[in-house]
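Below is one structure; the comments refer to it alone.
Starting from 1, each residue takes its place in the sequence as its number. All heavy atoms count here, side chains included; hydrogens, waters and symmetry mates do not.
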Amino acid sequence: MPEPYDVITMGRIGVDLYPLRTGVPLAQVDTFGKFLGGSATNVAVAAARLGRRAAVITRTGRDAFGDYLHHALREFEVDDRWVTPVDRWPTPVTFCEIFPPDDFPLYFYRQPTAPDLQIQPHELDLDAIRAARIFWMTGTGLCEEPSRVATLTALRTRGEARAHSSEERSSGRRPGTAITVFDLDWRPMFWKAPADDAPEGPGTSDDPQALMAAARPLYARALRHATVAVGNLDECEVAVGQREPYAAARALLAAGPELAVVKQGPKGVLAMHRDGTVAEVPPVPVEVVNGLGAGDAFGGALCHGLLAGWDLERVMRYANAAGAIVAARLACSSAMPYAREVVQVLGGGPVPTPGSLPPEAAL
């Protein structure tokens, strides 16, 4: 059997078109940079930058943008064997506006659907998913069929593998080599909720509470199979109905995972393990350029630290530093840090300029 992957992610992919001027409304922007995008894909890139063997399960359109994404994945050393084309739908693009330090509106062009929501259960390499040291999935993958059933199929496969493992049955070990991460990843614009009072009969609602109510049972099903749950306060509210960080972490643990990671923005991050270990660490101060990729860098670094078997506080500090580096850069995927860059920032040094460290020296 081939060597298992360190990290397999499953979820969104697309082309990010970011303005090359900050502080300017999209209507006034005339130059853009083109980047690989999509949260699950960015997490795979972040893990690969830190030296992990990573792959992504997703789909693109059968078009030039799809070709570009394959090329970019290979350049980032992310295995693209499970990135398959869809004939009917184009590769999605996402525009953003950049108003540092904390306003980054996103404009998703994925209507009426996107190829990465067309992942079919029969396409999944369940042996590879079962064997991966970390499997990472997202809440967006649950928003629509057939991605929903494919995501739940992958989660059940991971759960069955754990149930048959004597190591997992032997009680309370911290996740290290059989980790299933649920990135709560709440994007309400991708969800639909029933609206029984629609004027022309049953329709859909964009009411935030209705969307959350539609998503919560699916989040609960996914949480039962996850060993780690990661989300910000809004995402925790969707998943378990709690916004207070400690209450949210406890509710996530009660729903199934062994480790809950609650991101609190400017207040840092809270991590709580079922064994009683708690780590709450502040953010790394940086001058924010674009905050959109910081959570994905955090996710890739979280995977790296868990696989290394570090203690919880060290993992959180490392992941925070990785996120801070990307927040201080314009792009997302191409901005993901190398290990030496993270160590430099953790040591109190400045955020390195992208490309200032040669890759062979940064691993």
Original post:
At what distance, to the nearest 0.5 angstrom, does CG of L302 lie from CH2 of W310?
Top reply: 10.5 Å
Subject >> Inter-residue atom distance I8.CD1 - L124.CG, 0.5 Å rounding >> reply: 10.0 Å
Original post:
Between atom CG of L252 and atom CG of L184, what is the distance when rounded to the nearest 0.5 Å?
Top reply: 6.0 Å
**OP:** For a side chain to side chain donor-acceptor pair (under 3.5 Å) with D116, tell me which candidate from R110, R59, R12 qualifies.
**Re:** R110
Original post:
In terms of ring plane angle, is the pair W191 and Y219 parallel, tilted or perpendicular, where the classes change at 30° and 60°?
Top reply: tilted
Original post:
Are L26 and V24 connected in a single hydrophobic cluster, I mean Ile/Leu/Val/Met/Phe/Trp/Tyr linked by side-chain heavy atoms less than 4.5 Å apart?
Top reply: yes
**OP:** Flag the pair F135 / Y5 as yes when their ring centroid distance falls below 6.0 Å, and as no otherwise.
**Re:** no
Subject >> Separation between CE of M272 and OG1 of T277, rounded to the nearest 0.5 Å >> reply: 10.5 Å
Original post:
Partners of Y18 by side chain to side chain donor-acceptor pair (under 3.5 Å), sequence neighbours excluded?
Top reply: D16
**OP:** Please test R133 against D6 for salt bridge (Lys or Arg N to Asp or Glu O under 4.0 Å), starting from the C-alpha separation and ending with a verdict.
**Re:** CA-CA 5 Å; R133 300 177 71 194; D6 291 321; 3.1 Å; yes
Subject >> Approximate separation, where rounding is to 0.5 Å, of L36 CG and E75 CD >> reply: 10.5 Å
**OP:** To the nearest 0.5 Å, tell me how far L218 CG sits from R148 CZ.
**Re:** 5.0 Å
**OP:** State whether a side-chain donor-acceptor pair under 3.5 Å links R158 with H225.
**Re:** no
Subject >> Full working for salt bridge (Lys or Arg N to Asp or Glu O under 4.0 Å) between R243 and E237 >> reply: CA-CA 5 Å; R243 288 190 61 86; E237 183 177 13; 3.1 Å; yes
